[in-house]
Amino acid sequence: MNDKIRNLRIFDDADGKINLSLSDIDGEMLVVSQFTLYGDTRRGRRPSFIKAAAPDDANRLYEYFVTLARRDIRRVETGTFQAMMDVSLVNDGPVTLILDSEKTI
């Protein structure tokens, strides 16, 4: 997933085409764990978190991802795992992508 995010061509080139990656623009990354995004709402009225990793396993994966990102990205900032955080965001453009990996680690 780190490789995918780092190399996904989602930034404009000189011609205004979405053709450059985070690596191409020497961009920065903010990594914030967000457990509730894993909630499955396909059935019922309450999100199910049954397929979510146990906290210790999830924290290991989060820290591993951050370690990989810091090898290749000039600046990587993080949130605090399992903490309540206020994060504000400005989306620059009309594109929102959802990246998902079905691979089991």
Side-chain angles (χ1 to χ4, degrees):
M1 189 62 69
N2 177 59
D3 184 66
K4 181 72 153 185
I5 292 169
R6 193 169 29 86
N7 292 301
L8 195 62
R9 298 185 317 172
I10 56 174
F11 298 98
D12 290 347
D13 63 15
D15 296 324
K17 294 185 179 185
I18 298 176
N19 201 29
L20 299 175
S21 70
L22 190 64
S23 293
D24 293 330
I25 67 165
D26 193 29
E28 301 173 356
M29 184 185 290
L30 172 63
V31 182
V32 178
S33 68
Q34 179 55 292
F35 168 75
T36 56
L37 292 179
Y38 205 78
D40 184 349
T41 59
R42 290 177 289 178
R43 296 179 57 192
R45 298 181 187 267
R46 183 184 340 192
S48 170
F49 299 99
I50 289 176
K51 292 186 177 183
D56 288 344
D57 293 335
N59 189 32
R60 266 193 301 280
L61 290 171
Y62 174 74
E63 293 297 334
Y64 178 65
F65 179 86
V66 170
T67 298
L68 291 177
R70 285 185 170 147
R71 289 181 187 167
D72 300 309
I73 303 298
R74 173 176 51 87
R75 181 174 176 202
V76 176
E77 296 293 334
T78 64
T80 303
F81 190 82
Q82 283 190 307
M84 295 291 291
M85 292 175 284
D86 291 325
V87 177
S88 57
L89 166 73
V90 175
N91 280 340
D92 182 16
V95 178
T96 300
L97 304 171
I98 297 173
L99 305 179
D100 189 10
S101 174
E102 291 294 323
K103 293 180 181 179
T104 303
I105 296 177

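Note that the structure is a prediction, hence the values are computed from the model and not measured.
Contacts of I50 classified as side chain to side chain contact (heavy atoms under 4.5 Å, CB included), with partners at least two apart in sequence or in another chain: S48. Partners of D13 according to the salt bridge (charged side-chain N to carboxylate O under 4.0 Å, His left out) rule, which considers only residues two or more places apart in sequence or in another chain, do not exist here. D3 meets the side-chain hydrogen bond (donor to acceptor under 3.5 Å, both in side chains) test with R6, N7; sequence neighbours excluded. Listed by chain and residue number, nothing satisfies the salt bridge (charged side-chain N to carboxylate O under 4.0 Å, His left out) test with D56 (two or more places apart in sequence, or in another chain).
Separation of atoms CZ (R70) and CG (L68) is listed at 11.5 Å; rounding is to 0.5 Å. Rounded to the nearest 0.5 angstrom, L22 CG and I5 CD1 are separated by 9.0 Å. Interatomic distance, CG of N2 versus OG1 of T67, reported as 10.0 Å (0.5 Å rounding). The OG atom of S23 sits 4.5 Å away from atom CD1 of I73, with the distance rounded to the nearest 0.5 Å. Distance check: M29 CE to T78 OG1 gives 12.0 Å after rounding to the nearest 0.5 Å.
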(message) side-chain contact (heavy atoms from CB on, under 4.5 Å) for N19 and D12? Distances and angles first, verdict last.
(response) CA-CA 6 Å; N19 201 29; D12 290 347; over 6 Å; no
(request) Step by step, work out the side-chain contact (heavy atoms from CB on, under 4.5 Å) result for Y62 and V31. (result) CA-CA 9 Å; Y62 174 74; V31 182; 3.6 Å; yes
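Side-chain contact between D40 and F49 is absent, with no heavy atoms from C-beta onward closer than 4.5 Å. Residues L99 and M1 are in side-chain contact: their nearest non-hydrogen atoms beyond the backbone lie under 4.5 Å apart. With a 4.5 Å cut-off on side-chain heavy atoms, P47 and T41 count as touching.
Listed by first and then second residue, the salt bridge (Lys or Arg N to Asp or Glu O under 4.0 Å) pairs involving residues 17-29 are D26-R74, E28-R74, E28-R75 (not counting sequence neighbours).
In this structure, M85 belongs to a hydrophobic cluster whose other members, linked by side-chain heavy atoms under 4.5 Å apart, are L30, V32, V87.
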